Structures are given as C-alpha cells and as structure tokens.
Amino acid sequence: GHVKRMNLPSRRTDAWLRSFELVQDVILAAFAINLENINIHKYGHEVILMSSGTPFFDSKGKLAGYRGMDKDITKIKKHEAEISQIAFFDSLTGLANREQMMSRIQEELDFCIRSKSKSMLLFLDLDGFKVINDSIGHDIGDKVLVIVAERLQRVLRSYDIVGRIGGDEFVALLRCS
C-alpha cells in the first residue's frame with residue numbers, strides 16, 4: 001500500500017521507547033521485524049505505525065542494517081477500538097457487558113484456583129425499576145441506570161469490575177484481599 005511520510009518530532013511515548021529497545025535487541029539478533037509503534041505527531045495527536053523491515057548484510061555476512069517501511073494504521077486501530085467498545089461494553093452505561101463479564105469471571109476463577117485466593121461475585125437487581133420506566137418513562141429510567149453505574153464504579157477498587165448484564169441487572173466481581 002501507499003505509505004505517507006509524516007514529519008514526526010523526536011518526542012516519543014514511553015511505549016515507543018520500550019518498543020524501540022526491543023527493536024534494538026531484534027536488530028542485534030538480525031531478525032525480520034514487524035511491529036506497531038505509537039508516535040506523537042507535531043500537532044500533538046497519536047500516529048500508529050506498522051513498521052516492517054528485513055536485515056541486510058555486507059559481503060562478510062555482518063549485519064549492515066535494515067530495509068523496510070512504515071505504514072500509518074491509525075484509522076485501523078481506531079476502528080478496532082470502536083468495535084471492541086461495541087462488543088464488550090454496555091452502550092448506555094459504558095460498563096462491561098454480559099460477554100465481557102463472563103470472560104472476566106472465568107479469568108478470575110482461573111486466577112483463584114492458581115493462587116488459592118478468593119473473590120466475590122455480587123448480583124444486583126434494581127427493585128421496582130419497571131415502575132420507573134412505566135410511570136416516568138424510559139429516558140428517566142436510562143438516567144437512573146447511568147447514575148447507578150457511576151455510583152457502583154465510584155465505590156469499587158481499580159482492580160474490581162462491574163458490569164450491566166441486563167435491563168436493571170448488574171454484576172460486580174470483587175477480589176478479596
């Protein structure tokens with residue numbers, strides 16, 4: 001494909017610096033490279049590049065350098081993030097959806113078995129929620145769900161997770177410390 005040359009500054013993200021160190025290791029080992037890296041454009045936005053290259057050697061077989069190209073994959077990565085958001089998060093509350101919660105519960109079960117630790121799974125159902133929707137309207141009901149989601153997130157620790165698995169049903173997965 002066509003590769004557009006960009007004028008990128010020398011300022012890089014921490015992730016770029018870590019990947020650059022990995023690339024240096026790969027170069028020293030003379031392997032072909034294919035990696036994604038994030039650059040900061042001179043106007044401040046991120047540009048995600050796919051860097052591909054193969055080593056070339058001098059007449060004595062010594063690594064002389066790499067030939068390759070960078071391809072801007074920023075739009076592709078943004079689309080992937082949007083698809084992931086749709087697939088794993090509730091569109092109303094932004095919480096994990098049923099699919100993601102099932103996956104995280106399985107991961108937590110596996111972790112608990114390996115580490116012989118415990119976790120809690122809380123099921124929360126809003127009593128009388130149907131009355132709110134039926135009497136005041138679905139717009140107000142949606143606002144109530146968003147407020148409940150925000151409050152649940154606010155009281156959880158950073159490594160706990162809460163999700164909305166149905167209309168007025170929430171699940172919280174809490175690791176015991």
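Predicted model, so just to flag it, every value in this text is computed and none were measured. Values reported hereafter were calculated over all heavy atoms of this structure, with side chains retained and with hydrogens, waters and symmetry mates removed.
The distance from atom CD1 of Ile140 to atom CD1 of Ile132, rounded to the nearest 0.5 Å, is 9.5 Å. Atom OG in Ser119 sits 8.0 Å away from atom CG in Leu109 (nearest 0.5 Å). Interatomic distance, CG of Asp142 versus CD1 of Ile147, reported as 11.0 Å (0.5 Å rounding). One distance of note links CD1 of Ile105 with CD1 of Ile161; it measures 9.0 Å at 0.5 Å rounding. Separating the CD atom in Glu108 from the OG atom in Ser103 is a distance of 11.5 Å, to the nearest 0.5 Å. In this structure, the separation between NZ on Lys130 and CG on Leu126 is 14.5 Å, given to the nearest 0.5 Å.
Side chain of Thr74 to backbone of Ile48: a donor-acceptor contact under 3.5 angstrom is found.
No side-chain heavy atom of Leu124 sits under 4.5 Å from any side-chain heavy atom of Val171. Looking at Ser91 and Ile86, their side chains never come closer than 4.5 Å, going by heavy atoms from C-beta outward. Contact of the Asn97 side chain with the Ile165 side chain is not registered, since no non-hydrogen atoms from C-beta on lie closer than 4.5 Å. Side-chain contact between Ser117 and Arg175 is absent, with no heavy atoms from C-beta onward closer than 4.5 Å. With contacts defined as side-chain heavy-atom distances shorter than 4.5 Å, the pair Phe129/Leu145 qualifies. Contact check for Val148 versus Phe170: side-chain heavy atoms found under the 4.5 Å cut-off.
Both Val144 and Val146 are assigned to one and the same hydrophobic cluster, defined by single-linkage of ILVMFWY side chains at heavy-atom distances under 4.5 Å. Using a 4.5 Å cut-off between side-chain heavy atoms of Ile, Leu, Val, Met, Phe, Trp and Tyr, with links allowed through other members, Val162 and Leu174 fall into the same hydrophobic cluster. The cluster map of Ile, Leu, Val, Met, Phe, Trp and Tyr, joined by side-chain heavy atoms under 4.5 Å apart, puts Met102 and Leu173 in different clusters. A continuous path of ILVMFWY side-chain contacts below 4.5 Å connects Met120 to Leu156, so both sit in one hydrophobic cluster.
Seen from the ring of Phe88, Arg98 does not count as a face-on cation partner, given the 6.0 Å and 45° thresholds.
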Residue pair Lys118, Cys112: steps toward the side-chain contact (heavy atoms from CB on, under 4.5 Å) verdict: CA-CA 6 Å; Lys118 296 180 181 178; Cys112 288; 5.6 Å; no

Audit row: Ser51, Asn37, side-chain contact (heavy atoms from CB on, under 4.5 Å) steps and yes/no: CA-CA 7 Å; Ser51 300; Asn37 58 79; 2.8 Å; yes

Full working for side-chain contact (heavy atoms from CB on, under 4.5 Å) between Asn39 and Glu46: CA-CA 6 Å; Asn39 299 278; Glu46 288 186 350; over 6 Å; no

Stepwise side-chain contact (heavy atoms from CB on, under 4.5 Å) check, Phe123 with Glu169: CA-CA 7 Å; Phe123 289 90; Glu169 298 171 337; over 6 Å; no

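The only option from Asp72, Asp70, Ile73 that meets the side chain to side chain contact (heavy atoms under 4.5 Å, CB included) definition with Met50 turns out to be Ile73.
Closest approach of Asn34 to Ser52, counting heavy atoms only: OD1-OG, 2.9 Å. Residues Gly141 and Asn133 approach most closely at CA-OD1, 3.3 Å, considering heavy atoms.
Residue pairs satisfying the side chain to side chain donor-acceptor pair (under 3.5 Å) criterion with at least one member in residues 154-165, sequence neighbours excluded, are listed as follows: Asp90-Arg164, Arg157-Tyr159, Arg157-Asp160.
Annotation: His45 is not in aromatic contact with Tyr43 [ring centroid separation under 6.0 Å not met].
Legend: residues meeting salt bridge (Lys or Arg N to Asp or Glu O under 4.0 Å) with Glu107, ordered by chain and number and at least two apart, are Arg104. Lys77 pairs by the salt bridge (Lys or Arg N to Asp or Glu O under 4.0 Å) definition with Glu36, Glu80, not counting sequence neighbours.
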